[in-house]
Asks: 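Below is a structure I'd like to ask you about.
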Amino acid sequence: MRHFIALTDYSSAELIAMLELALQLKKERNEGGNKPLFAGKVLAMVFQKPSLRTRVSFDMAMRHLGGDALYLSPAEIGLGKRESIADVSRVLSGYVDAVMARVFEHEHILELAEYSSVPVINGLSDFNHPCQAMADMLTILESFNKLKDLRMTFIGDGNNVAVSLAFACAKLGMHFTIASPEGYDLPQAVIKEAEDLAAATGIKIQQTRDPIAAVEGADVIYTDTWTSMGQEDEAQKRREVFAPYQVNERVVELATKYVIVMHCLPAHRGEEITDEVADGPHSVLFQQAENRLHAQKAILVKLLSS
Ligand code: CP
Ligand code: NVA
C-alpha cells in the first residue's frame, strides 16, 4: 500500500506514468466517460482548512470513476482536538477505502498515514501541496508537449505550493528559479534536496531576490497568494513585503513570447497577480484548475489499484 504525501516518495518514472494516465483519463472522460474502476469504493475527505478545487475535484474524480466521496468538515472531526489523529485514522480505515486530508501541520498528515491501513493523500499541508504540482505538470505538458529542460520561474512566497513545484521540477527535469523576498525563501532543506535530485536530471535550482531577472527566458511563470491559509494575521505586513513581487504585464513581457502564467488559485487579484495577466492570453489558470480533476484521478487509480 502506498500513500501520496510528497512527490519525493515517488520516482520520476512513476510520476511520468501518473501524468500519462491522467492524460488518458482526461481523454476518456471527454469522449464519453470513465470506466467505473472505483465501484463500491469511498474516499473520505478530511478538511482543516477551506477549499474549492481540492474538495470538488476529488469528489468528482471519485464519482466519475463510479465511487463516492465523503466530505468531513473541520468542525466535524476536530482532528487532534476532539479525538487524537491516530484514533481518527484507525477509525476511518475501517470504513473507507482511502483518505484525503488537508491539514495545517505537515506532521499531522504524516501521523494520519502512519496509523492508516488505507492510502492517505495529502490535499495540502503547511509544508507542501503535491496534488497541485501534479495538476500543474499536466498543464505544462499539455502546453509544451514536454517537460524536460523547460524553465519555471516562481515569483512570491517559498510556501507549500513552491515546495512541491521545486520537487516536481527537480524530478521531471525542469529548471526552477524562485524569486522571493528575504525571510520568505524556500526552506534550506528543500533547496538541498531539490538540488540533489536535480543532479540526476541535470537541471538548475536557483534562488534570487530579483523577480525581473528571474523571468528572463522563463517558459512558465508561477505565483501564489502572498498570505496562505492560517497566516491571515500577517496579511498587511505581507502585502508590503511582497509588493515588488507582483506578476503583472510588465513582468510577463520579459519572459519568452510563448510563456504560460500559472496560479494554483484562489487568486488575490490586484495583489500577487493582476486581472490583465490572470485573464490575459498567457494565462492557463482555469485549465490548471480543471486538471486537478484529471491528475487526482490518476493518483487515486495508482493508490487504489496497488
Ligand atoms: N488550489 C487549491 O488547492 O485550491 P483550494 O484551496 O480551493 O482547494
Ligand atoms: N499557499 C496557499 C495555497 C492554497 C491552495 C495556502 O496554503 O493557502
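Counting convention: from 1, in listed order, for ligands and their atoms alike.
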Asks: Does the separation of the ring centres of Tyr184 and Phe242 fall below 6.0 angstrom?
Replies: yes
Asks: Is it the case that ligand 1 has an N or O less than 3.5 angstrom from some N or O of Met229?
Replies: no
Asks: Ignoring hydrogens and angles, write down the donor-acceptor pairs under 3.5 Å from the side chains of residues 15-27, residues two or more places apart or on other chains.
Replies:
from: Lys26; atom 1: NZ; to: Glu142; atom 2: OE1; distance (Å): 3.3
from: Lys26; atom 1: NZ; to: Glu142; atom 2: OE2; distance (Å): 2.8
from: Lys26; atom 1: NZ; to: Asn291; atom 2: OD1; distance (Å): 2.8

Asks: Below 4.0 angstrom from a heavy atom of Leu52, which ligand 1 atoms are there? Numbered from 1 as shown, please.
Replies: 5 (P), 7 (O), 8 (O)
Asks: Give, for atom CG of Asp185 and atom OG of Ser180, the distance between the pair rounded to the nearest 0.5 Å.
Replies: 4.5 Å
Asks: So do the side chains of Leu300 and Met62 get within less than 4.5 Å of each other, counting heavy atoms only?
Replies: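 Yes, close enough: below the 4.5 Å cut-off.
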Asks: Note every protein N or O atom lying under 3.5 Å from an N or O atom of ligand 2, pairing the names and giving the distance.
Replies:
from: ligand 2; atom 1: 1 (N); to: Asn159; atom 2: ND2; distance (Å): 3.3
from: ligand 2; atom 1: 1 (N); to: Asn160; atom 2: OD1; distance (Å): 2.9
from: ligand 2; atom 1: 1 (N); to: Asp224; atom 2: OD2; distance (Å): 2.6
from: ligand 2; atom 1: 1 (N); to: Ser228; atom 2: OG; distance (Å): 2.7
from: ligand 2; atom 1: 7 (O); to: Asn160; atom 2: ND2; distance (Å): 2.9
from: ligand 2; atom 1: 7 (O); to: Ser228; atom 2: OG; distance (Å): 3.4
from: ligand 2; atom 1: 8 (O); to: Met229; atom 2: N; distance (Å): 2.8

Asks: Any chance you could measure Asp224, atom CG, to Ile155, atom CD1, to the nearest 0.5 Å?
Replies: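 Separation between the atoms: 12.5 Å.
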Asks: Please round to the nearest 0.5 Å and tell me the distance separating atom CZ of Arg238 and atom OG1 of Thr225.
Replies: 8.5 Å
Asks: Under 3.5 Å between any N/O of Pro266 and any N/O of ligand 1: does that happen in this structure?
Replies: no
Asks: With salt bridge (charged side-chain N to carboxylate O under 4.0 Å, His left out) as the test, would you mind laying out the steps for Asp279 and Arg269 before giving the verdict?
Replies: CA-CA 10 Å; Asp279 302 324; Arg269 289 161 173 261; 2.8 Å; yes
Asks: Any nitrogen or oxygen of Arg55 lying under 3.5 Å from a nitrogen or oxygen in ligand 1? Just yes or no.
Replies: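 By distance alone, the answer is no.
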Asks: For Leu124 and ligand 1, answer yes if some heavy atom of the residue is under 4.0 Å from a ligand atom, otherwise no.
Replies: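 Not so, Leu124 does not reach ligand 1.
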Asks: Number the atoms of ligand 1 from 1 as they appear, then name those within less than 4.0 Å of a heavy atom of Ser51, with their elements.
Replies: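 Selected atoms, number and element: 5 (P), 6 (O), 7 (O), 8 (O).
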Asks: Tell me the contacting part of Lys49 for ligand 1: side chain, backbone, both, or neither, using a 4.0 Å heavy-atom threshold, strictly below.
Replies: neither
Asks: Cation-pi check for Tyr10 against Arg2: NZ or CZ below 6.0 Å from the six-membered ring centre and within 45 degrees of the axis, yes or no?
Replies: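 Judged by the rule, Arg2 and Tyr10 form a cation-pi pair.
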Asks: Show the atoms of ligand 1 that are less than 4.0 angstrom away from any heavy atom in His129.
Replies: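 Close to His129: 2 (C), 3 (O).
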Asks: Do me a favour and list the nearest non-hydrogen protein atom to atom 2 (C) of ligand 1 with residue, atom name and distance?
Replies: Arg292 NH1, 3.3 Å
Asks: Checking a contact table here: which protein heavy atom is nearest atom 4 (O) of ligand 1, and how many Å away?
Replies: Arg53 NE, 2.8 Å
Asks: For the residue pair Arg55 and Phe47, would you count it as a cation-pi contact if the rule is NZ or CZ under 6.0 angstrom from the ring centre and within 45 degrees of the ring axis?
Replies: no
Asks: Give a yes/no verdict on whether any heavy atom in Arg102 is under 4.0 Å from an atom of ligand 1.
Replies: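 The answer is yes, since Arg102 has a heavy atom less than 4.0 Å from ligand 1.
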Asks: In terms of ring plane angle, is the pair Tyr258 and Phe144 parallel, tilted or perpendicular, where the classes change at 30° and 60°?
Replies: perpendicular
Asks: Kindly confirm or rule out a cation-pi arrangement of Lys49 over Phe104, judged by NZ or CZ under 6.0 Å from the six-membered ring centre and within 45° of its axis?
Replies: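 The answer is yes; both the distance and angle limits are met.
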